[in-house]
Amino acid sequence: MKMVKAIIRPDFLEALKDEILENGIGGMTVSSVHGCGRQNGWREYYRGNEIIMNIVPKIQCEFAVCDDEVDKLIDVITSVCRTGDVGDGKIFVEPLERVIRIRTGEQGPDAL
């Protein structure tokens, strides 16, 4: 099992959600996050002073999936969220050691 985390632009969330449901990939957890990277933010002016706003709002989507679904999920995320511009985001894939469904006590892939 793997935990896939995708940091994406906020305006792609609805399209990604729709595509995830269409492809039969399990659920996702969504968080509003802020960060900085190569996008470098933007410039604003406050009382005549230039301020560089380098913490950019993003959305973090987390998916717990079986090993055989990882590549399909990555393909869906990249096809929906790629513009080719700086700031499209990142995808992180981590091993998921154990999953337990609280309601039933199921463990492992059955809990997904």
Side-chain angles (χ1 to χ4, degrees):
M1 295 177 297
K2 303 283 189 221
M3 176 65 75
V4 178
K5 296 180 183 182
I7 309 293
I8 63 169
R9 296 174 189 251
D11 41 323
F12 288 116
L13 177 60
E14 287 301 315
L16 179 60
K17 181 188 70 165
D18 294 342
E19 199 68 26
I20 292 295
L21 292 173
E22 243 180 66
N23 281 279
I25 298 169
M28 68 178 175
T29 302
V30 178
S31 304
S32 180
V33 296
H34 293 80
C36 60
R38 290 187 183 166
Q39 195 171 2
N40 293 330
W42 65 94
R43 288 176 165 62
E44 286 189 7
Y45 292 90
Y46 179 73
R47 295 187 178 179
N49 295 320
E50 182 182 63
I51 301 170
I52 298 175
M53 306 296 289
N54 62 355
I55 301 295
V56 181
K58 297 286 185 176
I59 296 292
Q60 178 175 307
C61 302
E62 296 178 286
F63 307 86
V65 295
C66 292
D67 291 338
D68 59 337
E69 293 181 310
V70 173
D71 290 333
K72 179 180 177 182
L73 175 59
I74 290 171
D75 290 343
V76 168
I77 295 168
T78 54
S79 69
V80 171
C81 300
R82 178 181 289 150
T83 66
D85 296 329
V86 173
D88 279 349
K90 299 259 187 321
I91 299 172
F92 304 95
V93 179
E94 304 171 344
L96 188 57
E97 194 170 309
R98 193 169 175 194
V99 177
I100 299 116
R101 184 183 309 249
I102 295 172
R103 178 177 53 89
T104 61
E106 294 170 297
Q107 295 191 25
D110 294 335
L112 296 178

To the nearest 0.5 Å, what is the distance between [atom1] ([X]) and [atom2] ([Y])?
{"X": "Ile7", "Y": "Cys61", "atom1": "CD1", "atom2": "SG", "result": "8.0 Å"}
{"X": "Leu16", "Y": "Met28", "atom1": "CG", "atom2": "CE", "result": "5.0 Å"}
{"X": "Phe92", "Y": "Gln60", "atom1": "CZ", "atom2": "CD", "result": "8.5 Å"}
{"X": "Leu73", "Y": "Ile25", "atom1": "CG", "atom2": "CD1", "result": "4.5 Å"}
{"X": "Phe63", "Y": "Ile20", "atom1": "CZ", "atom2": "CD1", "result": "4.0 Å"}

Applying side-chain hydrogen bond (donor to acceptor under 3.5 Å, both in side chains), name anything that partners Thr83, two or more places apart in sequence or on another chain.
Asp88

Non-neighbouring partners of Arg47 that pass side-chain hydrogen bond (donor to acceptor under 3.5 Å, both in side chains), sequence neighbours left out:
none

Strictly distance-based, threshold 3.5 Å: is any side-chain N or O of Lys58 a donor or acceptor partner for the main-chain N or O of Gly87?
yes

Do side-chain atoms of Lys72 reach the backbone of Asn23 as a donor and acceptor pair under 3.5 angstrom?
yes

What donor-acceptor contacts under 3.5 angstrom involve side-chain atoms of residues 74-82, with partners at least two apart or in another chain?
{"residue": "Thr78", "atom": "OG1", "partner": "Ile74", "partner atom": "O", "Å": "2.9"}
{"residue": "Thr78", "atom": "OG1", "partner": "Asp75", "partner atom": "O", "Å": "3.2"}
{"residue": "Ser79", "atom": "OG", "partner": "Asp75", "partner atom": "O", "Å": "3.1"}
{"residue": "Ser79", "atom": "OG", "partner": "Val76", "partner atom": "O", "Å": "3.0"}

Is atom CG of Asp85 surrounded by more than 12 heavy atoms (other residues, nucleotides or ligands) closer than 6.0 Å?
yes

CD (Glu97) with more than 12 external heavy atoms under 6.0 Å:
no

Do Val33 and Val30 sit in the same hydrophobic cluster, where Ile, Leu, Val, Met, Phe, Trp and Tyr count as joined when their side-chain heavy atoms come under 4.5 Å apart?
no

Pairwise salt bridge (Lys or Arg N to Asp or Glu O under 4.0 Å) hits with a residue in residues 14-29, at least two apart:
Glu14-Lys17

What pairs meet the salt bridge (Lys or Arg N to Asp or Glu O under 4.0 Å) rule with one or both residues in residues 102-112, with sequence neighbours excluded?
Arg101-Glu106

If you group Ile, Leu, Val, Met, Phe, Trp and Tyr whenever their side-chain heavy atoms sit less than 4.5 Å apart, what else falls in with Tyr45?
none

Linking directly or through intermediates, with side-chain heavy atoms under 4.5 Å: list the remaining ILVMFWY members grouped with Met1, chain and number order.
Met3, Leu96, Val99, Leu112

Within the structure provided, determine whether Val4 and Glu62 are in side-chain contact (heavy-atom separation under 4.5 Å).
no

Test log, rule side-chain contact (heavy atoms from CB on, under 4.5 Å), inputs Arg98 and Gln107
CA-CA 7 Å; Arg98 193 169 175 194; Gln107 295 191 25; 3.3 Å; yes

Can you name the closest pair of heavy atoms from Pro109 and Cys66 and give their distance?
CB-SG, 4.0 Å

